[in-house]
Amino acid sequence: MKIGILGGGQLGRMLLQAAANYVAETYVLENDEHCPAAHLCHHFIKGDIKDFETVYQFGKGLDALTIEIESVNVEALEKLESEGVKVYPRPSAIRIIKNKITQKEFYKSNEIPSPDFKITQTLADLQLYTSFLPAVHKLAMGGYDGKGVQVLKSEKAFDKAFNEPSVLEKMVHIKKEIALIVAMNSKGDAAIYPPAEMIFDQSLNLLDYQLSPAQLPEQVLWKAEAIALKLVKALQSPGLFAVEMFVDHNNEVLVNETAPRVHNSGHHTIEANYCSQYDMLLRIMLEYPLGNTDPILPSSIVNLLGAEGHNGEAKYDGLDEVLKMDNVFVHLYGKTQTKPGRKMGHVTNISKEINELTYKAHKIKNTLKVMS
Ligand code: ADP
């Protein structure tokens with residue numbers, strides 16, 4: 001079977017690592033021939049995932065396609081789908097999710113709990129919603145990793161807001177941020193992973209470390225699972241979906257956003273769960289049975305980010321010390337150049353003791369540095 005991935009970043013790389021266990025001929029489309037996935041696939045095609053003709057030509061001879069990022073040419077995927085290429089997720093699901101306005105409208109019309117919102121087309125529209133503050137302004141298209149998100153506490157912050165189509169979302173008093181991965185096959189059978197719990201680095205607005213399974217009261221867990229499952233069923237698409245949610249101070253669960261693909265919040269499933277999210281997506285694409293999502297042991301993930309003040313060829317300070325630690329798994333993404341805040345890898349740690357996970361996550365963060 002010939003399977004293609006649009007995008008050759010670290011997610012594509014890990015998907016290809018899992019694909020090595022199956023009989024599948026792999027194709028990657030990506031503009032950068034030095035990308036993390038380039039050397040792990042059978043066929044690397046250099047090209048723009050946003051360009052109709054490039055995506056169409058890439059997908060034409062393949063059996064199944066998937067994405068590692070939403071910013072792909074959906075029209076080309078729709079044409080490929082109409083010609084019989086299986087696309088995971090369906091282009092209709094990517095279309096809904098790709099634009100934060102349609103994504104929020106989808107939650108509303110399907111009664112999926114999500115923060116209340118207004119739509120703004122230009123900066124001037126914000127003046128209509130001053131009573132809606134404090135709120136979070138989010139670019140409809142093209143935002144990622146916290147770029148394209150602005151907190152607006154008062155009108156004074158309007159100069160930081162977006163003069164393009166955006167969502168103005170009510171500020172949630174967040175107790176916990178969690179992510180829950182749901183897998184659905186072509187028959188509509190679903191499997192849910194235990195949620196992961198995020199701890200953010202406030203200055204970089206990026207994940208600091210993550211714990212899984214999230215420490216949640218049973219009622220909150222049930223609510224989160226029910227919401228995520230309802231959401232994925234409503235998308236009417238096979239594939240793998242990461243549903244990011246807020247738990248507020250009243251223990252209400254609200255959907256922040258959904259990624260219709262393998263996700264950073266599921267990296268730990270490689271070592272910590274019987275079937276990894278990557279293996280699961282391949283099982284779906286290759287039409288094999290769904291795998292077991294149960295955790296083998298609880299886990300933490302630390303992201304390896306380029307250190308402040310370091311630009312250039314990457315060097316990994318403290319790597320020996322971290323590799324000596326028990327039950328610690330280092331994943332480097334093969335990016336040769338580092339810059340401040342760039343995601344260069346991650347480290348997973350598994351243990352039955354939550355305290356040990358937290359302790360080791362901090363130790364890894366303080367020991368392993370990406371310098372130039
Ligand atoms: P991105 O897609 O760039 O990751 P998100 O929409 O996930 O952007 O927002 C980034 C972060 O901003 C979230 O993880 C959360 O900490 C914060 N945030 C987003 N929306 C809200 C909200 N409605 N209320 C409070 N905080 C929010």
Side-chain angles (χ1 to χ4, degrees), residues 7 9-11 67-72 93-94 96-108 112-120 126 129-154 157 160-162 164-181 195-212 214 224 227-228 231 241-267 301 303 305 341-343 346:
Q10 68 266 18
L11 293 165
I67 59 166
E68 66 138 35
I69 188 162
E70 292 83 333
S71 58
V72 293
I94 303 174
I96 292 167
I97 287 170
K98 198 176 164 178
N99 183 315
K100 281 211 165 129
I101 296 176
T102 49
Q103 194 182 141
K104 290 292 286 184
E105 283 169 340
F106 165 81
Y107 298 145
K108 197 171 172 182
I112 309 284
S114 180
D116 198 9
F117 70 103
K118 306 285 182 198
I119 294 165
T120 62
L126 279 173
Y129 303 124
T130 51
S131 61
F132 202 68
L133 303 180
V136 183
H137 207 206
K138 301 183 178 185
L139 268 183
M141 301 281 280
Y144 66 95
D145 279 352
K147 299 176 188 77
V149 175
Q150 280 295 347
V151 173
L152 306 179
K153 289 199 171 137
S154 72
K160 287 192 297 181
F162 304 113
E164 288 169 67
S166 300
V167 167
L168 183 69
E169 200 175 82
K170 200 91 189 147
M171 178 86 93
V172 177
H173 201 27
I174 299 172
K175 185 154 88 180
K176 265 190 185 169
E177 295 198 33
I178 61 172
L180 210 156
I181 292 171
E197 175 178 334
M198 317 295 153
I199 290 107
F200 281 89
D201 180 321
Q202 297 301 336
S203 62
L204 287 168
N205 212 359
L206 277 172
L207 183 66
D208 187 9
Y209 66 95
Q210 177 186 295
L211 290 177
S212 184
I227 291 168
L231 190 165
F241 301 85
V243 185
E244 295 181 34
M245 295 186 262
F246 301 134
V247 181
D248 75 7
H249 284 262
N250 300 318
N251 276 343
E252 287 307 323
V253 178
L254 299 162
V255 173
N256 173 25
E257 59 177 0
T258 305
R261 52 171 171 80
V262 287
H263 194 248
N264 293 334
S265 65
H267 283 330
I301 304 175
N303 274 348
L305 306 178
R342 187 173 193 203
K343 279 188 199 160
H346 73 264

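Hydrogens, waters and symmetry mates play no part in the numbers below; they use all other heavy atoms, side chains included. First listed ligand is number 1; within each ligand, the first listed atom is number 1.
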Could you measure the distance from the NZ atom of Lys108 to the CG atom of Asp116? Nearest 0.5 Å is fine. 7.0 Å
Which of the ligand 1 atoms, numbered from 1, are nearer than 4.0 Å to a heavy atom of Glu169: 20 (N), 21 (C), 22 (C), 23 (N)
Here the gap from Tyr107 atom OH to Asn256 atom CG, rounded to the nearest 0.5 Å, amounts to 8.0 Å
I need the atoms of ligand 1 closer than 4.0 Å to a non-hydrogen atom of Phe246, numbered in the order shown. 15 (C), 18 (N), 19 (C), 20 (N), 21 (C), 22 (C), 27 (C)
If every non-hydrogen atom of Gln10 is compared with every non-hydrogen atom of Lys343, which pair is closest and at what distance? NE2-CD, 3.9 Å
Which residue from Val151, Val167, Val136 reaches closest to atom 22 (C) of ligand 1 through any of its heavy atoms? Val136
Side chains of Gln210 and His267: donor-acceptor distance under 3.5 Å anywhere? no
Any heavy-atom pair between the side chains of Thr258 and Leu231 that's under 4.5 Å? yes
Within a distance under 4.0 Å of any heavy atom of Val149, pick out the atoms of ligand 1 and give their elements. 3 (O), 8 (O), 9 (O)
Relative to atom 4 (O) of ligand 1, which among His173, Lys170, Met171, Glu257 owns the nearest non-hydrogen atom? Glu257
Within a distance under 4.0 Å of any heavy atom of Lys100, pick out the atoms of ligand 1 and give their elements. 2 (O), 6 (O), 8 (O)
For Lys138, atoms of ligand 1 separated by under 4.0 Å from a heavy atom: 6 (O), 19 (C), 20 (N)
When you measure from the side chain of Asn99 to the backbone of Ile101, do you find a donor-acceptor pair of N or O atoms at a distance under 3.5 Å? yes
Can you tell which of Glu244, Glu177, Met198 gets a heavy atom nearest to atom 14 (O) of ligand 1? Glu177
Member of Lys104, Gln103, Lys100, Lys138 meeting the side chain to side chain donor-acceptor pair (under 3.5 Å) criterion with Glu257: Lys100
For Ile174, the ligand 1 atoms with a heavy-atom partner under 4.0 Å come out as 25 (C), 26 (N)
